[in-house]
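Worksheet: the structure to be examined is printed underneath.
As the structure is a computational prediction, the values presented were derived from the model and not from experiment. Convention: sequence-line order gives letters A, B, ...; per-chain numbering from 1.
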2 protein chains.
Amino acid sequence: MDIRDVAQHAKVSIATVSRTINGVPTVDKELARRVWAAIEELNYFPNTQARALVSGRTRLFGLLVSEITNPFFPELIQGFEEVAVENGYEILIGSTNYDPERMSLCVRRMIERSVEGVAVMTFGVEQPLLEELASRRVPMVFVDAGPPGELVRPLLVDYRKGIHEGVQHLAVLGHREFGYISGPLRHRSSQLRKAAFLEALETIGVTPRKDWIVEGDHTLEGGMQCMDAMLAAGSLPTALLCSNDMTAIGALRVLNKAGLRVPEDVSLIGFDDIHLAEFVNPPLTTVRMSRNDLARAAFNALRSIAEGQELSGQPRTWRVPTALTVRQSTGYPRGTDAVGKKKRVKK
Amino acid sequence: MDIRDVAQHAKVSIATVSRTINGVPTVDKELARRVWAAIEELNYFPNTQARALVSGRTRLFGLLVSEITNPFFPELIQGFEEVAVENGYEILIGSTNYDPERMSLCVRRMIERSVEGVAVMTFGVEQPLLEELASRRVPMVFVDAGPPGELVRPLLVDYRKGIHEGVQHLAVLGHREFGYISGPLRHRSSQLRKAAFLEALETIGVTPRKDWIVEGDHTLEGGMQCMDAMLAAGSLPTALLCSNDMTAIGALRVLNKAGLRVPEDVSLIGFDDIHLAEFVNPPLTTVRMSRNDLARAAFNALRSIAEGQELSGQPRTWRVPTALTVRQSTGYPRGTDAVGKKKRVKK
DNA sequence: ATGAAAGCGCTAACAA
DNA sequence: TTGTTAGCGCTTTCAT
């Protein structure tokens, strides 16, 4: 069953059917009505392959993620799927699992299916693969980084705001001893978060202590290891920020096991605000980066490049906001008399 | 850049290029070599749209899930993606979010993109939508249920084995007081699990207590509510099985908050063995249903229908195994002297 | 074993 | 405003 059947049924030419479906305004109302009726009756769906072939537009975007089983990504995918479908696009998901070979395969799949753009949401990025895409003039968006290019846009996450809010929040509670478990520093986004943290400390006039700043890997296991190490080293800050929630949850687990209470002994702040953050014990105070905002920014950026909508001449900048979500993993520093409503720092 | 460029480059006809790419055996070795060289040099990828249009085969499968943010599904998706890609297929993911309207939209998307089959992995199933697919002769697979049909196959999960193992394990430890938090009983898979549980109790000669058998909804929140209710009701079994891990984790959380210890006060068994199960405290004993096995079964079943490989005449049956994974949420019943290595039940 | 050519279902340029 | 027609890039007869 194809466009010809519809045309026949509606007693018009196939061109009229095509025009009707595509919303060309010059179609006569009456004819359009007949066409829609025929479509309805026959339960006709246009053939996407044929459409794509002739128009050169697949209405397909690639979405490259690090690891679909990391809770961060399904939330991102959900948001992306939603906007994409709203706008008549489909998405091709590729999960690289931190493996360059799989990443390469993903890129290949995207090219083979002629995606009109790729959102690169992986933590690490392999240069050569992106050149493959760039050479085929496939638009791309990246989080934070990404080589600038005619068809490439970065999504700028406002780490500073959220992390400053977190540090400020702790400072107000009376904290002066801060620790930080970063993400893997080979990743730009980990660097940016850490830099934002250090900058925030400076703002409140606290000098960072080297042994309280360690490098994790953004996994739960990594968070546990870092916390174990810090505990073994003997001294503990009163407040600990983590580069993502999984790390914070790992740290939390180790603290609990060691008989230390959160937030009474140590205040803990994560980053991302994954769903799980709300359900650990105690619920995690964290810097929220909305996966939905990120997904929408990625989609809109991609679409505006793909559809050549950047009329204004210079490419638009896409920003993703962050904000502190206060839950129950932060409190007064240990040794503080915290009975009253107002903070009363010992010293 | 298209097949003609390759043909020209290799000084052969486009037909030969096509044959070479598709592995038609009659192609002369030397010509094939030239073709591959040209493909390599030009960095040529066949156009999937054109291929699909002429061959009628999209090499696309739909994967319908309930909610991509439920940790069960990403693991399933990962497995499905892996097999699919290995076999040159792509997948179109549709997340219904338990919303019939979204489900309907998903089905529409699948049809529009001409998927060659749909794996329906959602918990609930809307009859009419499946008829839409069936009427277009789209092969389908279902977990547990699914109306039989020429192009429809059920994936039979062996709930009984895993759940019997779980109950047996508890019985050996000395438990005689069993509770069960089921999934939503409007779903066939919840019914089957519960039936398997009751059957297992019968096997060990224990009569189920009605007030210890409650209906949950397979969410963490639901598990918490059920546990709260059971606690409020006053009496508690010594062992509690849950219809899935999220439920068990919810129950665990409430138990912990109430000052009850697992497994000292209550033994707990989940179902699914999601990644998280290993990382809660204590690590959860659970019945493992491998998402990978399930995904592979779904893919293979779909493929064998789509490619008409069921030579044997009668459709093949696809089974998915389950097995108990013992961790640390199960132990001797409370009130038992469990100091020795051997079990020593009081009575 | 290879090539020429028809045609998959659709859009868009052109003609009427 | 509508219809006729060329062709998107490929696979697959059919003829050689």
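Whole-Å rounding puts the Arg4(B) CZ to dC10(D) P distance at 8 Å. Atom CZ in Phe45(A) sits about 17 Å away from atom C1' in dC10(C), given to the nearest Å. Arg57(B) has its CZ atom 15 Å from the C1' atom of dT12(D), to the nearest Å. Taking atom CG on Asp5(A) and atom C1' on dC8(C), their separation rounds to 14 Å, with Å as the unit. At whole-Å resolution of the value, CG in Leu53(A) and P in dA12(C) are 12 Å apart. Between the CG atom of Asn47(B) and the P atom of dG7(D) there is a distance of 18 Å, rounded to whole Å. Distance Glu112(A) CD to dG9(D) P: 17 Å, rounded to the nearest Å. Rounded to whole angstrom, the span from the CD atom of Gln49(B) across to the C1' atom of dG9(D) amounts to 10 Å.
Here Glu90(B) does not pair with Arg59(B) in a salt bridge; the nearest charged N to carboxylate O distance is not below 4.0 Å. Taking the charged nitrogens against the carboxylate oxygens, Glu116(B) and Arg57(B) do have a contact shorter than 4.0 Å, which makes a salt bridge. A salt bridge links Arg33(B) with Glu30(B): the closest approach of a Lys/Arg side-chain nitrogen to an acidic carboxylate oxygen falls below 4.0 angstrom.
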Step by step, would you call Asn300(A) with Trp318(A) a side-chain contact (heavy atoms from CB on, under 4.5 Å)?
CA-CA 9 Å; Asn300(A) 289 327; Trp318(A) 300 89; 3.6 Å; yes
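The one candidate from Glu82(B), Glu81(B), Glu75(B) that meets the salt bridge (charged side-chain N to carboxylate O under 4.0 Å, His left out) condition with Arg291(B) is Glu75(B).
At distances below 3.5 Å, at least one donor-acceptor pair connects side-chain atoms of Ser55(B) with backbone N or O atoms of Arg51(B). Of the possible donor and acceptor atoms, one in the side chain of Asn47(B) sits under 3.5 Å from a partner among the backbone N and O of Gln49(B).
Each end of the helix from dA1(C)-dT16(D) to dA16(C)-dT1(D) gets its own axis, taken as the rotation carrying the C1' atoms of four end pairs onto the next four within a five-pair window, and the two axes meet at 40° to the nearest 10 degrees.
Between Phe72(B) and Phe123(B), the angle of the ring planes lies from 30° to 60°, which puts this pair in the tilted group.
Contact check, Tyr44(A) against dC10(C): a side-chain N or O comes under 4.0 Å of OP1 or OP2.
Comparing Arg51(A) and Ser55(B) by the nucleotide of DNA chain C whose heavy atom lies nearest to each, the residue mapping closer to the 5' end is Ser55(B).
Using a 4.0 Å cutoff on non-hydrogen atoms, the parts of residues 10-33 of chain A near DNA chain D are Val12(A), Ser13(A), Ala15(A), Thr16(A), Arg19(A), Thr26(A), Val27(A), Asp28(A), Leu31(A), ordered by number.
Around the CD atom of Gln8(A), the shell of radius 6.0 Å holds no more than 12 heavy atoms that belong to other residues, nucleotides or ligands.
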